[in-house]
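None of these values were measured; they are calculated from a predicted model.
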Number of protein chains: 2
Amino acid sequence: MADVARSAGVSTMTVSNVINGRPRVGAATRERVLATISELGYQVNLAARHLRAGRTGVVGLAVPELERPYFAQLAGRLADRFEAHGLRIVMERTGGGREGELDAVAFSRLRMYDGLILSVVDLDPSELNQLRTDAPVVMIGERALPSRFDHVMMDNVDGARQATAYLLGTGARRVAMIGGDPTGSANMPGLRAEGYAIAHAEAAVPVDPELNVRSSFGLQDGYDAIRSLLDRGIGFDAVFALTDVVAMGVLRALADAGLRVPDDIQVVGFDDIDEAAYLVPSLTSVNPGHDEMADRITELLTAQITGGPTGDPKEVVVPARVVARGTTKPPA
Amino acid sequence: MADVARSAGVSTMTVSNVINGRPRVGAATRERVLATISELGYQVNLAARHLRAGRTGVVGLAVPELERPYFAQLAGRLADRFEAHGLRIVMERTGGGREGELDAVAFSRLRMYDGLILSVVDLDPSELNQLRTDAPVVMIGERALPSRFDHVMMDNVDGARQATAYLLGTGARRVAMIGGDPTGSANMPGLRAEGYAIAHAEAAVPVDPELNVRSSFGLQDGYDAIRSLLDRGIGFDAVFALTDVVAMGVLRALADAGLRVPDDIQVVGFDDIDEAAYLVPSLTSVNPGHDEMADRITELLTAQITGGPTGDPKEVVVPARVVARGTTKPPA
DNA sequence: TTGAAAGCGCTAACAT
DNA sequence: ATGTTAGCGCTTTCAA
């Protein structure tokens with residue numbers, strides 16, 4: 001910038017004023033500066049700008065995996081909303097482990113972001129509270145996280161309860177759960193497993209532990225889980241897959257086994273990703289309140305960014321609901 | 001940092017040395033500084049650090065939409081590879097328009113990123129060449145882009161040719177193309193349309209312009225395109241969908257119309273997204289060489305980052321190949 | 001082993 | 001309408 005100023009015979013301040021379109025610059029001077037800028041190929045240094053301004057105009061979104069449709073689709077929704085506030089969303093991955101989640105906070109608190117949206121899966125409340133940050137942060141995620149951060153979550157327990165209740169309501173009596181964590185710990189699989197258990201209790205249908213297959217959350221994991229049930233000869237008449245992606249693997253495995261959906265086996269997923277409605281048959285799923293989640297996250301974070309630290313941390317739970325489609329039968 | 005220095009009774013330089021783990025610091029001093037740091041909850045300011053160091057350890061990946069599976073999955077692959085080089089990938093969206101693509105470059109050249117991977121869809125070569133950047137950039141994208149940037153692309157024309165040839169080889173004679181741009185312009189739809197035309201010429205099968213339905217690339221767009229053909233009574237025995245996402249919409253529309261796949265209508269997609277193999281029936285698609293693309297992009301960008309401006313811009317075309325699955329019949 | 005000085009590139013605040 | 005001064009928080013260089 002100094003080069004430009006010298007070359008145009010003005011002060012750096014005037015150059016700065018021109019670049020930022022500030023008013024108090026003569027038309028002739030402006031022209032000259034602009035000409036010099038393009039002549040020299042000058043470009044602003046954002047790092048310096050941020051050092052002065054103390055803000056970057058960027059909001060970070062840190063998620064476990066970039067390629068999971070749920071997060072990718074959430075990112076798209078958030079990008080729309082933040083754009084309206086003049087903020088750009090950038091997405092990075094944590095890998096879903098402690099390390100990566102802590103990194104994300106470190107990176108953000110180091111002022112590269114004006115705010116951070118963090119999907120927490122592996123950090124526990126005590127670790128969270130030890131984070132030194134007064135920067136704006138909104139946690140999302142499945143877990144209950146009593147902490148000093150604003151927190152938006154989907155209603156995992158009730159969503160899973162509804163999904164399972166829906167299946168039981170159609171007459172299913174042996175509902176396999178794929179991906180659930182039967183130990184009921186406070187993470188996503190645990191919470192969804194809890195809803196599964198509640199629905200069974202409400203319907204007075206006993207839960208067979210053999211029907212729970214723990215698995216990871218990829219397509220192949222859903223596939224393998226069904227193969228495993230089939231190979232072990234464990235009978236089931238419905239499947240509650242903990243995510244829609246898992247459900248896709250399940251559907252494939254059922255097809256390979258010559259089982260018809262929903263006639264022989266019904267299937268319900270969770271997340272209601274865009275693809276769910278387009279599968280053949282279309283996938284019944286739990287919609288975790290996508291738009292409301294995105295709205296709440298945006299509100300809370302922009303409030304923190306513009307208004308400084310707000311009072312008590314807010315904890316928002318967005319209601320979930322079953323969207324019935326082709327992989328289930330109508331309620332009996 | 002000054003606070004810490006004062007409070008620990010040392011100079012800021014010593015604090016800096018401690019933080020960066022540099023050797024020439026006495027053990028006692030180090031302890032004291034460390035203690036003061038955690039006491040005061042001090043955190044480095046990255047903006048300042050970058051201002052000095054001139055690098056950030058971050059590589060930007062700018063794509064049209066965060067939620068398109070092709071890009072989300074590419075991002076995951078790139079993140080793996082760059083992590084091995086100590087670089088973190090952050091993903092942002094351009095919206096697929098000129099404005100956003102220029103923004104992405106601006107943002108990156110302004111030193112927020114050490115390098116940028118830019119998926120170009122709307123910028124043309126002349127605009128690209130006017131970009132003032134000596135920062136490391138690798139373009140990805142479908143278009144031929146003679147420019148001064150390294151450029152990695154999939155072989156759109158040949159991939160589309162193979163897909164279409166495969167269909168013609170199974171006996172299909174009226175292959176609908178969904179999403180293609182019949183004007184043959186140098187963007188992705190145009191290139192894939194070109195491959196479609198070449199395959200027809202090679203097989204001496206005439207192309208019926210009515211079989212080309214222009215559309216956007218969402219699930220619903222594929223659905224609507226098929227409905228449109230059906231409603232207009234245009235007969236077809238196969239579909240070449242320009243992307244797998246479009247193909248999913250197509251499959252759904254065919255199912256709704258009571259048409260069986262592949263018996264009545266065969267379908268081929270493009271991109272070979274992870275989901276393709278798990279659909280029922282599984283989707284025949286064109287694999288654009290995912291791993292090789294990710295490898296090349298990583299090599300070219302890290303070379304630029306560590307080695308400074310390399311000689312001539314490299315232009316890499318990664319070969320594509322058809323992966324035959326359940327939505328097509330075996331070759332005749 | 002530690003510190004002082006200088007400056008990275010920018011802009012807010014205050015001259016002129 | 002334009003310029004001067006000062007300083008954002010850090011690190012490189014050189015001196016003690």
Side-chain angles (χ1 to χ4, degrees), chain A residues 1-38 40-58 106-114 132-135, chain B residues 1-38 40-58 106-114 132-135:
Chain A
M1 181 147 118
D3 288 348
V4 175
R6 195 171 324 110
S7 176
V10 297
S11 77
T12 62
M13 218 29 244
T14 303
V15 176
S16 172
N17 285 333
V18 170
I19 290 171
N20 294 283
R22 280 184 275 258
R24 295 136 173 290
V25 182
T29 319
R30 161 169 288 114
E31 285 315 310
R32 190 150 33 90
V33 171
L34 253 20
T36 317
I37 284 178
S38 71
L40 267 49
Y42 163 80
Q43 309 154 189
V44 211
N45 178 326
L46 259 205
R49 177 122 92 196
H50 294 161
L51 177 57
R52 277 283 344 182
R55 58 185 307 276
T56 60
V58 176
F107 193 70
S108 132
R109 101 182 152 215
L110 302 176
R111 317 277 200 86
M112 295 314 302
Y113 296 144
D114 288 350
R132 290 288 204 148
T133 313
D134 32 323
Chain B
M1 183 146 119
D3 289 347
V4 175
R6 195 172 324 109
S7 175
V10 297
S11 77
T12 61
M13 220 27 248
T14 303
V15 177
S16 171
N17 284 333
V18 170
I19 290 172
N20 295 283
R22 277 183 276 258
R24 299 143 168 283
V25 182
T29 319
R30 160 170 288 114
E31 285 315 310
R32 188 151 35 89
V33 171
L34 253 19
T36 317
I37 284 178
S38 69
L40 266 49
Y42 163 79
Q43 310 154 188
V44 213
N45 178 326
L46 260 204
R49 177 121 96 196
H50 295 161
L51 177 57
R52 283 265 12 165
R55 60 184 306 276
T56 60
V58 175
F107 193 69
S108 131
R109 102 182 149 213
L110 302 176
R111 317 275 201 87
M112 294 315 302
Y113 295 145
D114 288 350
R132 291 289 205 146
T133 313
D134 31 323

J.: For a 4.5 angstrom cut-off between non-hydrogen side-chain atoms, does A:V10 reach A:V18?
T.: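 In short, these two side chains do not touch, never coming nearer than 4.5 Å.
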
J.: Rounded to the Å, how far apart are A:N17 CG and C:dG9 C1'?
T.: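 Nearest whole value for this atom pair: 15 Å.
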
J.: OP1 or OP2 of C:dT2 sitting under 4.0 Å from any side-chain N/O of B:T29?
T.: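 The answer is yes; a side-chain N or O of B:T29 sits under 4.0 Å from OP1 or OP2.
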
J.: If each of B:A48 and B:P23 is mapped to the nucleotide of DNA chain C with the nearest heavy atom, which maps nearer the 5' terminus, i.e. the 5' end?
T.: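 Of the two residues, B:P23 wins.
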
J.: Among the candidates C:dT1, C:dA12, D:dT11, find the nucleotide nearest to the side-chain atoms of B:M13.
T.: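 Within the option list, the nearest is D:dT11.
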
J.: Between C:dG9, D:dT2, C:dT2, which nucleotide gets closest to the side-chain atoms of B:T14?
T.: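 Selected nucleotide (nearest to the side chain): C:dT2.
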
J.: Please tell me which of the listed nucleotides, D:dT2, C:dG3, C:dT11, lies nearest to the side chain of A:N20?
T.: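 Taking heavy atoms from C-beta onward, the closest nucleotide is C:dT11.
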
J.: Can you tell me if A:R49 touches the phosphate of C:dT11, counting only side-chain N or O atoms and a distance under 4.0 Å to OP1 or OP2?
T.: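 For A:R49, the contact criterion (side-chain N or O under 4.0 Å from OP1 or OP2 of C:dT11) is met.
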
J.: Between atom CZ in B:R6 and atom C1' in C:dT2, what is the gap in whole Å?
T.: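 Taking CZ of B:R6 and C1' of C:dT2, I get 18 Å after rounding.
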
J.: Any non-hydrogen side-chain atom of B:T36 less than 4.5 Å from a side-chain atom of B:V15?
T.: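 No, too far: nothing below the 4.5 Å cut-off.
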
J.: Just the rounded figure in Å: distance from C1' of C:dG7 to CG of A:D3.
T.: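 Computing the A:D3:CG to C:dG7:C1' distance gives 15 Å.
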
J.: Rounded to the nearest Å, what distance is computed from the CD atom of residue A:E31 to the C1' atom of nucleotide D:dT2?
T.: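 The answer, rounded to whole Å, is 17 Å.
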
J.: Is the side chain of B:S7 donor-acceptor paired with the backbone N or O of B:V4 at a distance under 3.5 Å, no angle test?
T.: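 No; judged by distance alone, with no hydrogens or angles, the pair does not exist.
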
J.: Rounded to whole angstroms, how far apart are CZ on B:R22 and P on C:dT2?
T.: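 Distance check: B:R22 CZ to C:dT2 P gives 14 Å.
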
J.: Taking the side chain as everything from C-beta on, heavy atoms only, tell me whether B:T14 gets closer than 4.5 Å to B:S11.
T.: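 Yes - at least one pair of side-chain heavy atoms lies under 4.5 Å apart.
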
J.: Record whether the side chain of A:R52 comes under 3.5 Å of the base of D:dG7 through a donor-acceptor pair of N or O atoms.
T.: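 Side chain to base: pair found, below 3.5 Å.
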
J.: Taking only side-chain nitrogens and oxygens of B:S16, does any of them come within less than 4.0 Å of OP1 or OP2 of D:dT11?
T.: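 The answer is yes; a side-chain N or O of B:S16 sits under 4.0 Å from OP1 or OP2.
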
J.: Just the rounded figure in Å: distance from C1' of C:dG3 to CZ of B:R32.
T.: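 After rounding, the gap between these two atoms is 14 Å.
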
J.: Within this structure, what is the CG-CE distance for the pair B:L40 and B:M1, rounded to the nearest 0.5 Å?
T.: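 The CE atom of B:M1 is 13.5 Å from CG of B:L40, to the nearest 0.5 Å.
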
J.: Can you measure B:I37 atom CD1 to D:dG9 atom P for me and round it to whole angstrom units?
T.: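 Those two atoms, CD1 and P, are 16 Å apart.
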
J.: Using whole Å, what does the distance between atom P of nucleotide C:dT1 and atom CZ of B:R30 come to?
T.: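 For the pair B:R30 CZ and C:dT1 P, the rounded distance is 10 Å.
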
